[in-house]
Amino acid sequence: MLDIAIDGPSGAGKSTVSRAAAAALGFIYVDTGALYRAVGVAALKRSIPTKDREAVAAMLPELTITLAFVEGEQHVYLNGEDVSKTIRLPEASMAASDVSAVPAVRAFLFDLQRNLAKSNDCIMDGRDIGTVVLPDAGLKIFLTASAEERARRRFLELEQRGTPVEYETLLQEIRDRDYQDSHREIAPLKPADDAVTVDTTGVPFDEVVAKIVALARETMDALAASGKTGDALHD
Ligand code: DC
């Protein structure tokens, strides 16, 4: 069994790269940001201010969040409702970042993430996968790109969708979210000591995917040669 942790800032391409690499390797792909987004959406639905830590924590016993994989695509359910589309709305992004700073929210989502990794070969992406959720992952990658490049990608994506937003606004949003995600007290965004940093600035998508697939294959070969499991490689 091999677990691959991919962490990095918003807009580094983690989800598209992870999805493609998981498909090439025959692994499941778990997007943990979707879980924080689902908690953010739950707060928005209840008109709970997402920065009010006590109110957010008090809401958690009312929530059941589950993931299902339909034809390889992850769907996230909030109390039985498929919220996979709602969690992608722009207001869900900042709400997710806010609630992700609440320790009770991180504890609430911890077991769900661990259990998914325990029972599957997986690529899991997020902010604290290599540092907190799967500290023994067989391979850890920190995927990053300059803030300008990430804003440019987001600009093109929104323009293609017919909902353009000014580049400067996007760049500021990315900087704000980076700051918030890397300066929180609990599980801040940072590379694990044993992570391989992959900077995707100016690198074509296919090359990034090929690099990760190659690193995964090298890790699997090393595991096979040592007779160890993925979790034991870093012991
Ligand atoms: O990856 P994303 O943009 O969907 O994540 C949404 C927010 O959730 C992001 O601002 C940081 C937070 N997050 C986190 O704190 N830990 C994770 N493992 C994944 C996401």
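Note that ligands are numbered from 1 as they come in the structure, with each ligand's atoms numbered from 1 the same way.
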Classify the side-chain pair [X]/[Y] by whether it contains a donor and acceptor separated by less than 3.5 Å.
X	Y	value
Thr201	Glu149	no
Thr200	Arg153	yes
Glu62	Asn79	no

Contact set, ligand 1, heavy-atom distance under 4.0 Å, ordered by chain/number, equals Thr32, Gly33, Tyr36, Arg37, Ala96, Ser97, Ser100, Arg106, Gly126, Arg127, Asp128, Ile129, Arg177, Asp181, Arg184
Glu157 meets the side-chain hydrogen bond (donor to acceptor under 3.5 Å, both in side chains) criterion, sequence neighbours left out, with Arg154, Arg161
Here the salt bridge (Lys or Arg N to Asp or Glu O under 4.0 Å) pairs for residues 105-125, sequence neighbours left out, are Arg106-Asp128
Atom pairs and distances, side-chain donor-acceptor, residues 164-175, under 3.5 Å, sequence neighbours left out:
unit_1, atom_1, unit_2, atom_2, d
Gln172, NE2, Asp176, OD1, 3.1
Arg175, NH2, Glu148, OE2, 2.9

